[in-house]
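A short worksheet on the structure shown next.
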Amino acid sequence: MYMGHLRKFGNWGSVAAKLIASNALKLPSFHDEVRMWVFEEVLPNGEKLTDVINKTNENVKYLPGIKLGRNVVADPDLENAVKEANMLVFVTPHQFMGGICKKLKGKVTGEVEAISLVKGMEVKKEGPCMISSLISKELGINSCVLMGANIANEIAVEKFSEATVGYRESREIADTWVQLFSTPYFMVTPVHDVEGVELCGTLKNVVAIAAGFVDGLDMGNNTKAAIMRIGLREMRALSKLLFPSVKDSTFFESCGVADVITTCLGGRNRRVAEAFAQSGGKRSFDELEAKMLQGQKLQGVSTAREVYEVLNHCGWLEMFPLFSTVHQICTGRLKPEAIVHYRDHKA
């Protein structure tokens, strides 16, 4: 018997709930109810977001018009949402994960399995801490990851897409997650490489920022393709430096090259970076995020900063000129045009 519980923030969390809910009803090995922890918000009409989700079966703020499934129950109480759960699904901006794990400490047991859909990492003095590792360390439970070319609004209307589940030890647990997420329009493949899958999902947002700069400056498709290829190369090189166990083959999965392509063609990081470059860097990312994303969070800018901190700490800045340049453009040290002169800049 399995019970799915979801930490929701934004449209990807809602789409994940929809996928899980459809399988929880159909498959006998899962409990029907999917409890979804929702960060409570008051809507303009004065109603609470959780009340509206439970009444309409829609996330009216972040995914309007899409039914989540009659077995999805929104809950604003984090502790209550995880009570008696034996499967936890984390979908939240990565900067909130430390606080969430602290609140959950002691509230879940080692028999619980987790999966992270979170694209990002925590940076500490000793180096990066992947979100799956943070979950395992803080909560004492195993955590897989799910990453891929997954623009949420397209999956919400059931357009075909793929994803990759990265697992550390148990293929059996990975197969359970594959069962829980797979639908005829969402194909999930397990890969024995948690760090590789997770770093792909994290680092591709930095490449998407670079692609957005290229679009904002109207530099064309050849330039964008070059930036995507160079970005993928730096993703692979950094991943293997941080975790030598990372496999080359992971970069040919949905979490790798496919996610780079889709995020650089669409997605919020590319879109906001495009607007930043069009303004000549005069409008801050904070301002653009507030104006363009209606409460959703931008991941690429904070990830670029965190990657820069790792590179600087390890003395690797010159080995990763594109990653370094993206951060320097984001912080105003370089103009957006510098994205195509990244090799000339010593960080």
Side-chain angles (χ1 to χ4, degrees), residues 7-14 38-44 49 59 61-63 90-100 117-124 128-129 131 134 151-153 201-219 227 231 263-312 317 320 322-339 342 345 347:
R7 173 0 176 167
K8 194 272 339 158
F9 196 104
N11 55 359
W12 181 215
S14 300
V38 177
F39 183 80
E40 189 67 280
E41 299 178 54
V42 178
L43 300 172
L49 180 57
N59 187 333
K61 180 168 183 181
Y62 295 109
L63 199 69
F90 290 89
V91 196
T92 180
H94 73 277
Q95 51 266 49
F96 300 137
M97 278 301 297
I100 289 167
L117 281 60
V118 181
K119 296 180 175 180
M121 59 185 174
E122 280 206 336
V123 174
K124 301 179 178 177
C129 173
I131 299 301
L134 177 73
I151 291 178
N153 291 339
T202 298
L203 298 174
K204 59 95 189 186
N205 282 329
V206 182
V207 185
I209 296 285
F213 295 153
V214 168
D215 285 344
L217 297 166
D218 202 21
M219 290 177 168
I227 290 297
T263 314
C264 291
L265 296 181
R268 69 187 75 151
N269 290 280
R270 187 218 62 81
R271 189 158 49 93
V272 177
E274 178 182 37
F276 178 86
Q278 286 170 340
S279 78
K282 294 191 173 106
R283 298 178 71 190
S284 73
F285 274 102
D286 285 343
E287 177 199 341
L288 291 166
E289 177 186 87
K291 183 176 174 58
M292 297 175 70
L293 299 186
Q294 285 85 48
Q296 294 187 86
K297 290 294 177 187
L298 199 65
Q299 298 295 288
V301 175
S302 55
T303 301
R305 183 189 70 246
E306 289 154 356
V307 167
Y308 189 90
E309 288 171 10
V310 171
L311 297 177
N312 191 37
L317 284 170
F320 297 92
L322 182 66
F323 284 169
S324 301
T325 297
V326 168
H327 172 69
Q328 291 178 88
I329 294 171
C330 289
T331 54
R333 285 175 60 191
L334 294 172
K335 292 184 177 177
E337 290 82 0
I339 198 61
Y342 69 91
H345 298 107

Minimum heavy-atom distance Ser14-Leu63, with the two atoms named: CB-CD2, 3.7 Å
Sub-4.5 Å side-chain heavy-atom contact between Asn11 and Asn59: no
Met292 side chain near Leu298 side chain, heavy-atom distance below 4.5 Å: no
Nearest heavy-atom neighbours spanning Phe285 and Cys330: CE1-SG, 3.8 Å
Euclidean distance, Lys204 NZ relative to Thr303 OG1, rounded to 0.5 Å: 9.5 Å
Distance-minimising heavy-atom pair for Leu322 and Ala210: CD1-CB, 4.4 Å
Nearest-0.5 Å distance, CZ of residue Arg333 to OG of residue Ser324: 9.5 Å
Taking every non-hydrogen atom, the tightest pair across Arg270 and Cys264: CD-O, 3.0 Å
Residue pair Ser302 / Gln95: nearest heavy atoms and the distance that separates them: OG-OE1, 4.4 Å
Heavy-atom side-chain proximity of Phe90 to Ile131 below 4.5 angstrom: no
OG1-CD1 distance between Thr325 and Ile209, expressed to the nearest 0.5 angstrom: 14.0 Å
Side-chain heavy-atom pair Val307, His327 within 4.5 angstrom cut-off: no
Atom pair CG/NZ of Leu203 and Lys119 - distance to nearest 0.5 Å: 12.0 Å
Close side-chain approach of Phe276 to Ile329, heavy-atom, < 4.5 Å: yes
Pro336 to Gly281 - nearest heavy-atom pair and separation: CG-N, 4.1 Å
Side-chain donor or acceptor of Asn269 paired with backbone N/O of Ala208 under 3.5 Å: no
Note, Thr202 side chain near His94 side chain (heavy atom, < 4.5 Å): no
Side chain proximity check, Thr263 to Val207, heavy atoms < 4.5 angstrom: no
N/O donor-acceptor pair under 3.5 Å between Gln299 side chain and Pro93 backbone: no
Minimum side-chain heavy-atom gap Phe323-Leu317 below 4.5 Å: no
Pairwise distance CG(Leu293) to OH(Tyr62) - rounded to 0.5 angstrom: 10.5 Å
Atom pair CZ/OG1 of Arg305 and Thr331 - distance to nearest 0.5 Å: 10.5 Å
